[in-house]
Amino acid sequence: MTSDTSTAGILRRPYLLATVGACALVFLSAFESLAVTTIMPLVSRDLDGASLYALAFAGPLATGVMGMVAAGNWSDRRGPAAPLYSSVALFVAGLLIAGTAGTMEMLVLGRLVQGLGGGAMTVALYVLVARVYPPVLHPKIFAAFAASWVVPSLVGPFAAGVVAQLSSWHWVFLGVVGLVVPALLMVVPAVRGMNSEPASEPVPWAFGRMGWAALAAVAVLGLNLSAEVPGFGGVIAVVALVIALIAVKPLVPRGTLTARRGLPSVILVRGLASAAFFGAEVYLPYLLTERYAFTPTFAGLTLTGAALAWAGASAIQGRLGARLADDLAVKIGALLVLIAVISTLVTAALSLPAAVAIAGWILAGGGMGLMYPRLSVMTLALSTEENQGFNSAAMSISDSLGGALSLAATGLVFAAFTTTNSFAGVFALTAIIAVVGVVIAPRVAARSGGMSRGEAGMGEPGAQAGAPDAQPEFTHHA
């Protein structure tokens, strides 16, 4: 972009349509993800599919990992245009299959296709941001993305319930189709305006990474379903976890699993934050309804409070811009998440008033809203045009796998402990994860004198060697 447009806001020309369209796509993907949680019990009863209930949730997460890797590689080769169009087409196809399903097997198939498209769409949109918006606007557009995820958490479950009650659960899927196409059309002018010149050294197809992504997806499915295998669930869980860690290594920058300073730690902290937050959040309403006799609606308001805090913190960090350093925002966010998880732990372990956990979880939402956009900013700042797709995919993969592995592990812990200690066991595990996140958070900042952005390298053999001191070529300004 030229210098005169770099001072424009994300809701001003030439970015207005692209911003509205991209945020709409994020919103619809988030809405669908949250709405399905509300209607799935009804769908399961209607289609007699109780045995496939868990797979309907785990499947999209697993195929999403494959979509992220494929879209990242494709974006690095040809730019984000074709991956974006293809991912939206897959997302719509999945909605149509699920929305017209007459059996649970067909619905799960639709969810798998939907997850594949949704994962790819996330990465393509991140690369689109890197190509269309100047770095000065990255915090604001990522804050808008974060808000686009938060708003559905406020209205999605309720709206889905109303649609299912007044019409049919089928329209929770089909109704979104008519909104996806107009959202994509708003993004098209920005896509056409991108510099489409091929790179001097074209990025090859990374079929090896795609194979590793498929293996990671299978491992995630195995871990999520391990609790359903009596007697062998623990063994399956351990094997699946080992396979997932082996498979994810080529999908992230070198040094990610060992918390190498710079981009690798940025990617790792993203996964740890997801694991700590979502691993605990799933069980908070459960705790309030079981232990404190909250109604489901009232217990859900706790998550609404966290969602509002997430949106508010995202907006604040976007306005602060360079006045709040990226690494400081990440450190503060990680600490807030830790405090929140500890508040749920002591509430469950010591039977403290529910208000302690509720107030703490609002802090968790604020921490995530402060941290998530800046981790996205740092990922792009530490990337070059040749590896924006790979690094964006790595961030999304870390996010998804972190949450998936944590949810599977907390599920096993919850089942293993007694009724009295099960909640405390879950929150203790997520607190340990949050502690690791706080410890690693300072390592997201690269040391002075290190390598320029993009030199952190990719995880597959033959890529550039990673450097522990990867240094961005530019800092964030807003």
Side-chain angles (χ1 to χ4, degrees), residues 6-12 15-16 18-20 22-24 26-27 30 125-126 129-130 133-155 266 269-270 272-274 276-278 280-281 301-343 358-382 395 399 434 437-438 440-442 444-445 472 474-478:
S6 65
T7 58
I10 61 173
L11 293 178
R12 296 184 179 180
Y15 308 113
L16 175 59
T19 297
V20 174
C23 287
V26 173
F27 176 92
L125 286 174
Y126 271 60
V129 167
Y133 296 82
V136 69
L137 294 180
H138 287 174
K140 297 190 178 202
I141 186 62
F142 284 127
F145 281 4
S148 298
W149 265 99
V150 170
V151 172
S153 70
L154 306 178
V155 301
V266 171
V269 168
R270 180 74 168 226
L272 291 170
S274 173
F277 182 85
F278 294 110
E281 185 182 55
L301 290 178
T302 301
L303 307 187
T304 299
L308 290 172
W310 189 322
S314 294
I316 290 171
Q317 69 79 33
R319 289 183 177 276
L320 287 175
R323 288 174 289 174
L324 177 65
D326 292 335
D327 61 316
L328 180 59
V330 172
K331 287 186 281 189
I332 294 174
L335 182 60
L336 288 176
V337 171
L338 173 59
I339 293 172
V341 176
I342 290 177
S343 74
I358 294 173
W361 209 246
I362 293 175
L363 288 180
M368 294 294 279
L370 194 64
M371 181 171 29
Y372 256 43
R374 290 307 179 96
L375 289 171
S376 300
V377 169
M378 296 181 79
T379 297
L380 292 184
L382 289 160
M395 181 179 60
D399 201 353
V438 170
I440 295 177
V444 300
F474 56 83
T475 56
H476 162 65
H477 302 284

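On a predicted model such as this, the values are computed, not experimentally measured, just so you know.
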If I take atom [atom1] from residue [X] and atom [atom2] from residue [Y], how far apart are they, to the nearest 0.5 angstrom?
| X | Y | atom1 | atom2 | value |
| --- | --- | --- | --- | --- |
| I316 | R319 | CD1 | CZ | 9.5 Å |
| M368 | L375 | CE | CG | 9.0 Å |
| L328 | R323 | CG | CZ | 13.5 Å |
| L370 | Q317 | CG | CD | 6.5 Å |
| S274 | M371 | OG | CE | 10.0 Å |
| L338 | L272 | CG | CG | 12.0 Å |

On a heavy-atom basis, which atom in [X] and which in [Y] lie closest, and how many Å separate them?
| X | Y | result |
| --- | --- | --- |
| V330 | A441 | CG1-CB, 4.2 Å |
| V341 | A276 | CG2-O, 4.1 Å |
| S148 | V26 | CB-CG1, 3.8 Å |

Inset, instruction - Could I get the full list of ring pair (Phe, Tyr, Trp, His ring centres under 6.0 Å) partners for W310, not counting sequence neighbours? - result: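 Checked W310 against ring pair (Phe, Tyr, Trp, His ring centres under 6.0 Å); matches are F277, Y372.
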
Beyond-backbone contact of [X] with [Y], side-chain heavy atoms, under 4.5 angstrom:
| X | Y | answer |
| --- | --- | --- |
| R374 | V444 | no |
| S376 | H138 | no |
| L137 | P134 | yes |
| L380 | V129 | yes |
| T19 | Y133 | yes |
| F145 | C23 | yes |

Legend entry - Any residue meeting side chain to side chain contact (heavy atoms under 4.5 Å, CB included) with L336, in chain and number order, not counting sequence neighbours: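 Checked L336 against side chain to side chain contact (heavy atoms under 4.5 Å, CB included); matches are I332, L363.
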
Inset, instruction - Ignoring hydrogens and angles, tell me if any N or O in the side chain of S314 forms a donor-acceptor pair with the backbone of A143 under 3.5 Å. - result: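 No.
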
Inset, instruction - Not counting sequence neighbours, which residues clear side-chain hydrogen bond (donor to acceptor under 3.5 Å, both in side chains) with T379? List them please. - result: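 With sequence neighbours excluded, T379 shows a side-chain hydrogen bond (donor to acceptor under 3.5 Å, both in side chains) to no residue whatsoever.
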
